[in-house]
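Working notes, beginning with the structure itself.
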Amino acid sequence: MARKASGRPPEEALWLWKREQALLKTLVVDRDTEAWQRDPAFSGLQRVGGVDVSFVKGDSVSACASLVVLSYPELEVMYEDCRMVSLTAPYVSGFLAFREVPFLVDAVQQLWEKEPRLMPQVLFVDGNGVLHHRGFGVACHLGVLTDLPCIGVAKKLLQVDGLENNALHKEKIRLLKAGGDSFPLMGGSGTVLGMALKSHDHSTKPLYVSVGHKMSLEAAVRLTHGCCKFRIPEPVRQADIRSRDYIRRTLGVQGAPALRPERSKKAQSPKACPQGASEEPAGTFKGTPSGREAYPRFSSVVLPRLPQLSLPLD
DNA sequence: GCGACAG
DNA sequence: ATCTTGTCGC
């Protein structure tokens with residue numbers, strides 16, 4: 001029952017999405033807002049979060065959205081939430097957030113309701129922040145909707161505003177010596193959109209870090225390096241590993257030759273991990289008249305619902 | 001036809 | 001994103 005991907009949205013929808021991005025972009029804060037962000041050792045920082053969405057192989061609709069929270073600086077998982085969702089919007093470069101962000105916001109919202117003390121003080125997002133076609137990537141989008149500091153971490157350079165993955169760029173990468181080394185990514189307008197970061201000593205491919213929300217680029221790069229045990233920042237890496245694992249166990253019985261006849265979909269709770277209450281797949285926009293509003297919009301709907309940001313005191 | 005294309 | 005085994009290195 002692998003549903004197929006919707007084609008490219010009509011220009012009408014893309015126009016609305018661009019308008020949405022332009023509106024929300026005015027709310028982005030691209031500087032440090034928390035004391036720990038300026039501390040040389042990030043003292044005061046205790047919880048870092050990561051989000052990711054993994055897909056079912058032959059299906060472009062079924063996916064697993066995950067949110068994990070790790071302790072800092074130990075980087076041990078203290079919270080995990082994986083849930084199957086049905087994506088409605090197709091993937092369109094430049095509009096990734098409209099496909100994935102609603103589910104990530106839900107996950108954050110649920111964490112706030114059930115384990116507010118575990119709310120991360122910063123979120124690592126798989127994708128770009130201001131390093132984006134219109135300066136508002138998925139990391140900015142999630143940051144604004146949740147009001148949490150966010151860092152965009154992409155694995156490939158998004159070639160926008162004059163940025164090119166050309167010979168010169170590759171040479172700069174080759175010159176990065178040790179983990180933590182980086183160089184600025186300057187857009188055509190002379191603005192630094194992000195940094196290419198060698199996340200650890202023996203990594204060939206850099207990470208492309210950009211500001212998502214409520215954090216300076218300098219702090220974002222420094223913290224990203226501080227969260228890398230491997231090339232991918234541990235919060236995002238754990239979210240990725242666990243979401244894929246969840247999928248593998250969810251349809252492992254049906255997908256491959258059943259080695260274990262008695263294996264339903266019940267196995268999940270290593271730590272303090274709510275496994276998505278196993279209800280109907282989220283993302284099936286209920287109060288939506290079928291036919292109209294083919295794609296979700298949420299800014300003005302979600303913002304008022306979110307709780308006031310007041311970091312839990314320990 | 002060719003290059004781009006976050007996830 | 002996903003399709004995919006072994007292999008080289010610490």
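By convention in this document, chain letters (A, B, ...) are assigned in the order of the sequence lines, proteins followed by strands, and residues within each chain are numbered from 1.
Without hydrogens or angle criteria, A:Asp181 side chain to A:Lys198 main chain gives no donor-acceptor distance under 3.5 Å. Using a distance-only test at 3.5 Å, with no hydrogens or angles considered, a donor-acceptor pair links the side chain of A:Gln37 to the main chain of A:Glu34. Remark: the backbone N or O of A:Leu193 is not paired with any side-chain donor or acceptor of A:Thr191 at under 3.5 angstrom. When atom types are taken as modelled, the side chain of A:Ser86 and the backbone of A:Val61 share no donor-acceptor pair closer than 3.5 angstrom.
The aromatic ring centroids of A:His133 and A:Phe95 lie 6.0 Å or more from each other. Under the 6.0 Å cut-off for aromatic ring centres, A:Tyr208 and A:His169 qualify, their centroids lying closer than that.
If you take CG of A:Leu131 and C1' of B:dG7, they are 14 Å apart, rounded to a whole angstrom. As a whole-Å value, the separation of A:Leu207 CG from B:dA6 C1' is 12 Å. Rounded to an integer number of Å, the gap from CZ of A:Arg99 to P of B:dG7 is 13 Å. For the pair A:Gln21 CD and B:dA6 C1', the computed distance is 12 Å after rounding to whole Å. Residue A:His133 contributes atom NE2, which lies 12 Å from atom P of B:dG7 at whole-angstrom precision. The distance from atom OH of A:Tyr208 to atom C1' of B:dG7 is 16 Å, rounded to the nearest whole Å.
Under a 4.0 Å N-O distance rule, the pair A:Lys214/A:Asp147 qualifies as a salt bridge. Using a 4.0 Å cut-off between a side-chain N of Lys or Arg and a carboxylate O of Asp or Glu, A:Asp245 and A:Arg242 do not qualify as a salt bridge.
Taking the side chain as every heavy atom from C-beta outward, A:Cys227 and A:Pro235 approach each other to under 4.5 Å. At least one side-chain heavy atom of A:Tyr79 sits less than 4.5 Å from a side-chain heavy atom of A:Leu67.
Sorted by residue number, the members of residues 156-181 of chain A with any non-hydrogen atom under 4.0 Å from DNA chain B read A:Lys156, A:Leu158, A:Gln159.
Taking the C1' atoms as reference points, C:dT2 lies 15 Å from B:dC5, given to the whole Å.
Below 30°, between 30° and 60°, or above 60°: for A:His200 and A:His202 the angle between ring planes is above 60°, a perpendicular geometry.
A:Asn128 comes within 4.0 angstrom of a base, heavy atoms only. Note on A:Val53: nothing from the nucleic acid sits closer than 4.0 angstrom, heavy atoms only. Counting any heavy atom pair closer than 4.0 Å across all strands shown, A:His132 reaches a base atom. Across all strands, A:Gly152 comes closer than 4.0 Å to no nucleic acid atom at all (heavy-atom distances).
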What pattern of brackets, bars and dots sums up DNA chain B from 5' to 3', given Watson-Crick or G-U wobble pairs under 3.5 Å, [ ] for crossing pairs and | for another strand?
.......
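Here A:Tyr91 counts as stacked on B:dG7: its ring centre is under 5.5 angstrom from the base ring centre and the planes meet at under 30°.
Mapping heavy-atom proximity under 4.0 Å, the span of DNA chain C touched by chain A runs 5' to 3' from C:dA1 to C:dC3.
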